[in-house]
Amino acid sequence: MVDDKKVRVRFAPSPTGGLHLGGVRTALFNYLFAKKHNGDFILRIEDTDQTRFVAGAEEYIIECLSWCGILPQESPQNPGEFGPYRQSERKASYRAYAERLVEDGNAYYAFDTPEELNAERNKTPNFTYGHKTRSSMRNSLSLPEDEVRSLLENNTPHVIRLKVPEDETISFSDMIRGQVSFETNIVDDKILLKADNMPTYHLAVVVDDHKMQISHIFRGEEWLPSAPIHILLWEYLGWKKEMPQWAHLPLILKPDGHGKLSKRDGDRLGFPVFAMNWTDPASGELIKGFREMGFLPEAFVNMLALLGWNDGSDQELFSLEELVEKFSIERINNSGAKFDFEKAKWFNHEWIKKSDIEELRPYFTAVLAEHQIFQVENHYLDIVINLVKERLMLLTDFWDQASFFFKEPETYDLASVLPKWTVEKTSFFTDIIEKFEGYEPWNSEGIESLYKLAIQASGLKMGELMLPFRIMLVGGKFGPHIFDIAATLGKEESIKRIKKGLSAILAQ
RNA sequence: GGCCCGUUCGUCUAGGGGUUAGGACGUUAGAUUUUCAUUCUAGAAACAGGGGUUCGAUUCCCCUACGGGCUACCA
């Protein structure tokens with residue numbers, strides 16, 4: 001599978017918008033394979049379609065990779081010796097290869113305008129530009145030689161198309177699905193060079209993969225049908241011996257219905273599809289990302305890796321280092337996987353639980369800052385994190401679970417307390433305030449035993465006095481062990497909240 | 001339509017000629033938590049169908065069905 005050739009793989013997105021989770025997974029598998037085999041992981045920007053260029057998309061892609069911890073060795077920002085790493089900057093080099101193909105009789109000039117092609121498609125239901133139809137179109141195969149020459153001399157807009165041979169079978173061994181074959185008769189004469197002199201994806205990938213000495217290609221299954229075109233090109237360009245090995249990854253599908261997962265599904269079903277928030281510069285529309293929704297990068301990467309790959313054991317939690325160590329192409333699945341957001345959240349939950357406090361702290365500091373809470377002492381924050389972290393699915397849940405540690409409740413769930421309120425309870429709480437005031441040291445166990453003793457002395461039932469206490473400190477029916485909360489809040493703050501809560505109850 | 005790829009619990013998957021078909025998410029029920037969540041325990045839940053090959057197929061082969069992808073001067 002991996003011969004003596006140096007492993008060089010590339011992730012080659014086009015900068016047209018946010019980075020889809022399927023894209024991140026492709027990048028991840030490339031990265032894992034490269035690392036596993038001491039190879040290079042390269043980022044190449046495929047921006048040959050200038051009409052689809054979106055400002056900021058390239059920087060965004062790099063930031064996503066950086067967030068995931070899978071930065072490339074070579075990229076536009078960090079060029080190696082195989083640059084440039086943007087196809088638009090390699091523009092000048094492509095035409096020569098296309099011309100060479102024409103000279104060798106493996107490609108030809110075509111002068112049909114987009115309008116003419118459209119008309120043809122409307123006329124003939126399943127029109128394809130190929131060996132059956134090219135003689136009736138306007139190209140250097142059908143037109144007289146001198147007409148072709150004068151068209152070219154007059155700079156008539158034209159494209160260069162691949163001349164796909166007749167009656168051949170192209171087959172290759174895909175590292176994931178084994179032997180795959182195609183009949184050339186059904187492959188169309190794909191455009192290699194557009195009228196704007198830019199190459200199409202087909203020409204550009206092959207030329208660049210060769211120039212960059214790419215050894216293995218991991219890409220989505222949607223590319224499988226164009227594999228024969230690429231193989232033909234490797235052959236016609238005379239590079240067949242250096243052709244990389246192919247691996248077509250299964251697709252990530254919509255959780256409900258059917259089809260490839262798209263950004264629209266995220267809106268519709270309420271989960272992110274992009275790695276990070278993406279704002280479309282043209283429309284201003286914001287599309288949510290996993291990062292901003294509260295995912296740990298470790299969890300995101302872990303979840304993605306297990307979507308289509310497993311190590312054969314029951315293990316599901318893997319760090320990036322472990323993935324590198326255990327990754328193997330043989331264990332990549334060959335069928336598409338429906339994305340399951342519930343499972344994604346479970347991965348995040350597990351990673352929050354197993355992450356170190358130092359790693360977690362900055363995330364929660366950021367969550368607090370969003371709610372105008374600043375300058376929290378690390379010691380206090382750490383206590384709170386340890387109290388609530390196993391209750392969190394998303395980092396952003398921290399606010400719902402722990403806001404009361406940083407500000408007193410604004411509202412009280414009085415409905416769960418009022419109906420059973422009695423004067424005895426009022427005096428219990430005025431009494432407990434006094435007891436608390438004189439109590440030291442202020443720790444959870446101590447407070448608990450003092451509180452329970454007071455309950456016994458009052459003759460009231462324990463169950464009647466636990467909930468009101470919680471409502472006073474927290475505001476509602478949630479949160480960790482109540483005496484841990486009181487201990488963390490401190491004596492002064494706890495007493496203050498009891499007083500305030502009590503008056504809120506009495507005010508009704 | 002044509003071509004290509006695929007098909008094990010609802011979902012992600014392990015397995016592989018003879019298994020009680022395993023795990024995880026979700027779900028259900030209990031326990032713990034004098035709140036809620038977590039956690040723990042238990043349960044329900046799958047080999048798409050039909051033909052072969054075979055002593056024996058979920059596993060190998062073929063067909064069908066179904067699903068997906070591609071079919072642009074997009075990647």
Side-chain angles (χ1 to χ4, degrees), chain A residues 12-16 46-49 51-52 87 110 112-114 117-118 121 125-129 157-161 174 176-178 180-183 185-188 190-202 204-205 219-228 248 250-251 253-256 258-260 303 306-317 331 333-347 349-350 353 388-393 397 400-401 413 416 452 455 461-467 469-471 474 476-482 485:
Chain A
S14 63
T16 53
E46 310 242 326
D47 53 352
T48 51
D49 186 358
T51 61
R52 296 212 312 163
Q87 288 183 332
D112 319 272
T113 64
L117 289 170
N118 267 334
R121 287 193 189 100
N126 294 312
F127 177 79
T128 51
Y129 208 123
H158 63 275
V159 300
I160 293 179
R161 305 187 89 114
D174 186 279
I176 294 173
R177 29 207 99 233
V180 181
S181 50
F182 297 85
E183 298 303 319
N185 288 351
I186 53 90
V187 178
D188 356 344
K190 285 287 179 213
I191 290 177
L192 302 177
L193 198 79
K194 299 184 264 187
D196 65 359
N197 248 317
M198 285 293 262
T200 58
Y201 172 83
H202 302 110
V205 247
R219 59 179 4 176
E221 196 190 346
E222 71 265 34
W223 291 108
L224 202 45
S226 46
H248 289 93
L251 266 15
L253 276 14
K254 300 175 195 293
D256 62 348
H258 307 291
K260 265 199 291 191
M303 176 273 293
L306 273 277
L307 218 47
W309 175 87
N310 70 83
D311 80 336
S313 74
D314 284 343
Q315 184 177 349
E316 294 199 89
L317 265 20
R331 297 213 58 92
N333 276 116
N334 50 9
S335 52
K338 288 184 189 163
F339 177 67
D340 181 358
F341 190 50
E342 293 304 316
K343 185 88 184 224
K345 283 192 289 191
W346 175 81
F347 276 109
H349 180 220
E350 293 300 319
K353 284 194 290 183
V388 304
K389 72 173 185 179
E390 65 183 33
R391 317 166 78 89
L392 310 176
M393 291 292 157
D397 291 340
D400 288 339
Q401 290 297 329
D413 179 4
S416 60
K452 288 183 174 170
I455 292 175
K461 284 190 196 123
M462 178 112 73
E464 297 178 42
L465 290 165
M466 294 299 283
L467 192 57
F469 189 28
R470 174 173 295 278
I471 301 294
V474 172
K477 292 198 280 188
F478 58 92
H481 191 52
I482 190 61
I485 295 174

Margin query: Under a 3.5 Å distance rule, please check whether Asp196(A) uses its side chain to pair with a backbone N or O of Met198(A) as donor and acceptor.
Written below: yes

Check: In Watson-Crick or G-U wobble terms, both distances under 3.5 Å, what is the partner of U19(B)?
Finding: none

Next item on the list: Report the nucleotide, chosen from U7(B), U13(B), C74(B), that has the shortest atom-to-atom distance to any side-chain atom of Ala337(A).
Entry: U13(B)

Item checked: Parallel, tilted or perpendicular, as decided by the 30° and 60° cut-offs, for the rings of Phe127(A) and Tyr129(A) -> perpendicular

Next item on the list: Check every strand shown and say whether Val474(A) touches a base, only sugar-phosphate, or nothing at a heavy-atom separation below 4.0 Å.
Entry: nothing

Check: Going from NE2 on His158(A) to NZ on Lys194(A), what distance comes out if it is rounded to the nearest 0.5 angstrom?
Finding: 14.5 Å

Check: Contact class for Thr48(A) (heavy atom, under 4.0 Å): base, sugar-phosphate, or nothing?
Finding: sugar-phosphate

Notebook entry, point to check: So, for Lys461(A) and Ile455(A), which heavy atoms are closest and what is the spacing to 0.1 Å?
Noted result: C-CG2, 4.1 Å

Next item on the list: Name the nucleic acid region contacted by Asp112(A), choosing base, sugar-phosphate or nothing; use a 4.0 angstrom heavy-atom cut-off, strictly under.
Entry: base

Margin query: Rounded to whole Å, please give me the gap between CG in Asp311(A) and P in G15(B).
Written below: 10 Å

Check: What is the distance from atom CG of Leu317(A) to atom NZ of Lys353(A), rounded to the nearest 0.5 Å?
Finding: 9.0 Å

Margin query: Can you tell me the base-pairing partner of C36(B)? Count Watson-Crick or G-U wobble geometry only, both distances below 3.5 Å, and say none if there is no partner.
Written below: none

Notebook entry, point to check: When you measure from the side chain of Lys260(A), which nucleotide among C70(B), U39(B), A75(B) comes out closest?
Noted result: C70(B)

Check: For the side chain of Leu253(A), counting heavy atoms from C-beta on, which of G68(B), G23(B), A14(B) is nearest?
Finding: G68(B)

Check: So what does Phe182(A) touch, heavy atoms closer than 4.0 Å: a base, only the sugar-phosphate, or nothing?
Finding: sugar-phosphate

Check: How many Å lie between CD on Gln87(A) and C1' on A75(B), as a whole number?
Finding: 9 Å

Check: Shortest non-hydrogen contact from Pro255(A) to Phe339(A)?
Finding: CB-O, 3.0 Å

Checklist line | Nearest-Å distance once atom P is located in both C55(B) and C3(B) | finding: 37 Å

Check: Picking from U35(B), U71(B), G69(B), which would you name as closest to the side chain of Asp188(A)?
Finding: U71(B)

Margin query: Just to be sure I understand the rule, does Lys353(A) reach a base, reach only the sugar-phosphate, or reach nothing, if contact means heavy atoms closer than 4.0 Å?
Written below: sugar-phosphate

Margin query: Considering every strand and a 4.0 Å limit on heavy-atom distances, what is the contact class for Gly220(A): base, sugar-phosphate, or nothing?
Written below: nothing

Notebook entry, point to check: What nucleotide among C73(B), C25(B), C12(B) has an atom nearest to a side-chain atom of Lys338(A)?
Noted result: C12(B)

Margin query: Taking the P atom in each of C4(B) and U20(B), what is the distance between them to the nearest angstrom?
Written below: 41 Å

Note to self: Give me the distance, rounded to whole Å, that separates C74(B) from G69(B) when you measure between the C1' atoms they each carry.
What the structure shows: 16 Å

Notebook entry, point to check: Across the strands shown, which category fits Asn333(A) at heavy-atom distances under 4.0 angstrom: base, sugar-phosphate, nothing?
Noted result: sugar-phosphate

Next item on the list: Quick one: sort the His202(A) and Trp223(A) rings into parallel, tilted or perpendicular, breaks at 30° and 60°.
Entry: perpendicular

Check: Distance between the P atoms of C62(B) and U28(B), in whole angstroms?
Finding: 43 Å

Check: Say you pick atom P in C63(B) and the same atom in G2(B); how far apart are they, in whole Å?
Finding: 16 Å

Next item on the list: Would you kindly give the CZ-to-P distance between Arg161(A) and U71(B), to the nearest whole Å?
Entry: 14 Å

Next item on the list: Searching all strands shown, indicate the nucleotide that pairs with A48(B) (Watson-Crick or G-U wobble; both distances under 3.5 Å).
Entry: U64(B)

Check: Expressed in angstrom and rounded to an integer, what is the separation of Glu221(A) atom CD from G69(B) atom P?
Finding: 9 Å

Checklist line | Euclidean distance, atom CH2 of residue Trp223(A) to atom C1' of C3(B) [Å, nearest integer] | finding: 17 Å

Item checked: Glu46(A) CD - C74(B) C1' separation (whole Å) -> 12 Å

Item checked: Nearest to side-chain heavy atoms of Lys343(A), which nucleotide of C12(B), C70(B), A72(B) -> C12(B)

Note to self: Using whole Å, what does the distance between atom C1' of nucleotide A72(B) and atom NZ of Lys194(A) come to?
What the structure shows: 10 Å

Check: Can you tell me how far the NZ atom of Lys338(A) sits from the NZ atom of Lys343(A), to the nearest 0.5 Å?
Finding: 16.0 Å

Checklist line | Any strand: nucleotide that pairs with C70(B) via Watson-Crick or wobble, under 3.5 Å | finding: G2(B)

Note to self: Can you tell me which nucleotide in U39(B), A24(B), C36(B) comes closest to the side chain of His349(A)?
What the structure shows: U39(B)

Check: Just checking Asp49(A): base, sugar-phosphate only, or nothing, at a heavy-atom cut-off of under 4.0 Å?
Finding: sugar-phosphate

Note to self: Heavy atoms only, 4.0 Å cut-off, all strands: where does Ser181(A) land among base, sugar-phosphate and nothing?
What the structure shows: sugar-phosphate

Margin query: Regarding Ala195(A), tell me which of base, sugar-phosphate or nothing describes its non-hydrogen contacts under 4.0 Å with the strands shown.
Written below: base

Check: Taking the same atom, P, in A65(B) and in A24(B), what whole-Å distance lies between them?
Finding: 38 Å

Next item on the list: Please state whether the phosphate of A14(B), meaning OP1 or OP2, lies under 4.0 angstrom from any side-chain nitrogen or oxygen of Asn310(A).
Entry: yes

Note to self: Just the rounded figure in Å: distance from P of C70(B) to CZ of Arg219(A).
What the structure shows: 13 Å

Item checked: Residue mapping more 5' on RNA chain B - nearest nucleotide basis, Asp314(A) or Arg391(A) -> Asp314(A)

Next item on the list: Give Arg52(A) one of three labels, base, sugar-phosphate or nothing, depending on what nucleic acid heavy atoms sit under 4.0 Å from its own.
Entry: base

Margin query: Checking contacts here: which listed nucleotide (G22(B), A72(B), G69(B)) is nearest the side-chain heavy atoms of Pro225(A)?
Written below: G69(B)

Note to self: Any carboxylate oxygen within less than 4.0 angstrom of a Lys/Arg side-chain nitrogen, looking at Asp188(A) and Lys190(A)?
What the structure shows: yes

Next item on the list: Could you check whether Pro480(A) gets within reach of a base, just the sugar-phosphate, or nothing at all, counting any heavy atom under 4.0 Å?
Entry: base

Check: With both distances kept under 3.5 Å, what pairs with G10(B), Watson-Crick or G-U wobble?
Finding: C25(B)

Notebook entry, point to check: If you measure from the C1' atom in U64(B) to the same atom in U7(B), how many Å do you get, rounded?
Noted result: 13 Å

Notebook entry, point to check: If the P atom of C9(B) is compared with that of G22(B), how far apart are they to the nearest Å?
Noted result: 14 Å

Check: Considering only C73(B), C5(B), G2(B), which nucleotide approaches the side chain of Pro114(A) most closely?
Finding: C73(B)

Next item on the list: For the side chain of Glu316(A), starting at C-beta, report the closest nucleotide among G69(B), G26(B), G23(B).
Entry: G23(B)

Notebook entry, point to check: Toward the 5' end of RNA chain B, which comes first, Arg121(A) or Arg470(A), by nearest nucleotide?
Noted result: Arg470(A)

